[in-house]
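Let me begin by presenting the structure, written as C-alpha cells, before commenting on it.
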Amino acid sequence: MENHDKAQLLSFLKTLPPVEFCCVYGSFLHPNNPGSAKSTMVDCILGVSNPRQWHSENLTLNNDHYSSWMVLLGGARLITDVADELGVGVHFNPFVSWNDKDLVQDILNWERFYLSGRLQKPVHVLLDNLDIANVNSVNLRAAMSAALLLLPSKFTEEELYAKICSLSYMGDLRMLFAEDRNKVKKIVQGQFELFRLMYKPFIEEYETKELLRRCLSGNTRPIISQDGGLLAARSLVSSLPPMVRSQMGMKLGEKKVLCDSGRVIQEIVIGSKDEAAKCMQTILRRKVMVSSARQALSGLLAAGGINGMRYLGAKMSKAWKSWR
C-alpha cells in the first residue's frame with residue numbers, strides 16, 4: 001500500500017468513534033492484479049468491543065453512513081439487531097465500506113465463516129488492539145489444513161493458495177450471478193507473494209511433520225506432494241476449528257482415544273482422506289451459503305433499497321463481463 005493511501009485511510013478513521021481493529025482488503029489494496037484497474041472503493045473491516053455503543057456515537061458523527069429508515073425506526077439498536085439477528089454480525093454499507101464484529105469467535109471457530117474467510121487472504125492491518133494478527137495464525141493453519149484435504153497428492157504452490165482462497169466462496173450465492181467467475185485466480189495471481197509470505201511458516205511446519213514435501217520441477221516453482229494416508233488425514237482434521245470438527249463428528253461418528261498425555265479425547269471416525277474432505281466441504285458450503293444469503297439481505301437493508309440495488313447492479317455487470 002502506498003503511503004498516501006495509508007494516510008488517507010488513517011485520516012478516515014479519525015472521523016469515526018475509536019475502533020479496536022481495522023484492516024483493508026480487496027482490489028484497492030493490491031491494484032496490480034492482471035486486468036484490473038485501481039478501485040475507487042476501499043473494503044474495510046472494523047472491529048469494535050461494543051457495536052451498539054459505537055453505532056450510537058457514529059450516528060451522531062456520521063448519520064449519512066446509515067440507511068435513513070434504520071435511523072428513523074430504531075437507531076443504533078436496530079442497526080445492531082439487523083446485523084446480529086438477520087446478518088452474520090456485520091453491518092455492511094458498500095457506499096461507506098466498513099464492517100464491525102467481534103472477530104475472535106469467527107476466526108477461532110468458523111462459526112459463520114465470514115470474516116474468518118476474509119482474513120485467510122492478504123490484508124493490510126492499520127490498527128490492531130485486539131491482537132488479531134496473532135489469533136489469526138490459528139485461522140491460517142486451519143485454512144491450510146482444509147485446503148490440503150481437498151487437494152490431490154501433487155499440486156503447485158499457486159494451486160494451494162487458490163484452494164485456500166476458494167474456501168470462503170464455496171456455496172456463496174453471489175458466485176452464481178454477482179461475482180467475477182475468475183475472481184479466485186485473479187486474487188492469487190495478483191497477490192501471490194503476499195500469500196507466500198502468509199503461508200510459508202505453515203508449509204514449513206507441515207514439511208517438518210512430514211505431511212508435505214516440496215520438489216523442484218522443470219519450472220521455477222516447485223511441485224508439492226502430500227501424504228494421502230489416514231494418519232495424515234487425521235492430523236489435518238485435528239487442525240480444523242472446533243465447531244467444524246464437532247459437526248464432522250456428528251456426521252461421521254466419534255470414538256474415545258487415549259492420547260499421549262493420558263487424557264481421553266473424542267476422535268472423529270475417518271475412513272479415508274476423501275471421506276473427511278467431502279464431509280468438511282459439505283459443512284463449509286452450508287456455512288458459506290447461509291452466511292452469504294443472510295449478509296446479502298442484511299447489507300441490502302443496511303444500505304437502503306436504492307443504494308443496495310445500485311451496488312448489486314454494479315456487481316452483476318462485472319460478473320456478466322467475466323462470463324462473456
Side-chain angles (χ1 to χ4, degrees), residues 9-26 41-119 123 125-136 138-139 168 241 243 287-288 290-312:
L9 290 168
L10 289 172
S11 67
F12 169 69
L13 286 179
K14 292 179 181 178
T15 69
L16 305 173
V19 302
E20 279 71 51
F21 176 80
C22 174
C23 74
V24 296
Y25 63 97
M41 177 176 285
V42 183
D43 297 302
C44 292
I45 295 173
L46 302 184
V48 298
S49 56
N50 188 327
R52 183 177 296 182
Q53 180 181 333
W54 191 92
H55 284 301
S56 179
E57 294 175 11
N58 196 48
L59 278 166
T60 303
L61 296 173
N62 302 289
N63 186 275
D64 59 331
H65 284 185
Y66 304 91
S67 173
S68 57
W69 75 269
M70 297 186 84
V71 176
L72 292 172
L73 294 181
R77 180 173 182 175
L78 179 61
I79 291 165
T80 51
D81 284 349
V82 167
D84 290 338
E85 304 302 328
L86 184 59
V88 294
V90 177
H91 178 81
F92 176 75
N93 190 330
F95 298 100
V96 176
S97 300
W98 63 271
N99 309 308
D100 65 60
K101 185 180 184 271
D102 178 10
L103 298 171
V104 177
Q105 188 68 16
D106 200 43
I107 289 173
L108 295 179
N109 279 320
W110 293 5
E111 182 176 354
R112 287 165 170 168
F113 203 40
Y114 189 77
L115 295 178
S116 51
R118 297 288 186 275
L119 293 176
V123 298
V125 177
L126 293 173
L127 178 68
D128 187 6
N129 293 331
L130 301 175
D131 198 24
I132 293 297
N134 184 46
V135 174
N136 197 46
V138 177
N139 183 31
S168 59
M243 184 169 288
K287 284 180 178 290
V288 174
V290 172
S291 291
S292 65
R294 291 179 61 180
Q295 188 55 28
L297 181 56
S298 173
L300 183 64
L301 294 174
I306 295 176
N307 282 341
M309 293 308 295
R310 276 176 55 204
Y311 180 71
L312 179 60

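One-based numbering along the sequence shown.
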In Å and rounded to the nearest 0.5 Å, what is the [atom1] to [atom2] distance from [X] to [Y]?
X: M243; Y: F113; atom1: CE; atom2: CZ; value: 13.0 Å
X: C23; Y: I132; atom1: SG; atom2: CD1; value: 9.0 Å
X: I45; Y: C22; atom1: CD1; atom2: SG; value: 9.0 Å

| Minimum heavy-atom separation for V135 to V104, with atom names? | CG1-CG1, 4.3 Å
| task | Considering non-hydrogen atoms only, spot the tightest contact between S168 and G117 and give its length. | result | CB-CA, 3.7 Å
Side-chain ([X]) to main-chain ([Y]) donor-acceptor, under 3.5 angstrom:
X: E20; Y: S49; result: yes
X: S291; Y: K287; result: yes
X: N50; Y: Q53; result: yes
X: D128; Y: D131; result: yes
X: D106; Y: R112; result: yes
X: W54; Y: P17; result: yes

Are any non-hydrogen side-chain atoms of [X] and [Y] less than 4.5 angstrom apart?
X: L16; Y: N58; result: yes
X: L46; Y: L13; result: yes
X: V24; Y: V123; result: no
X: I107; Y: V138; result: no
X: L108; Y: N139; result: no
X: F21; Y: V125; result: yes

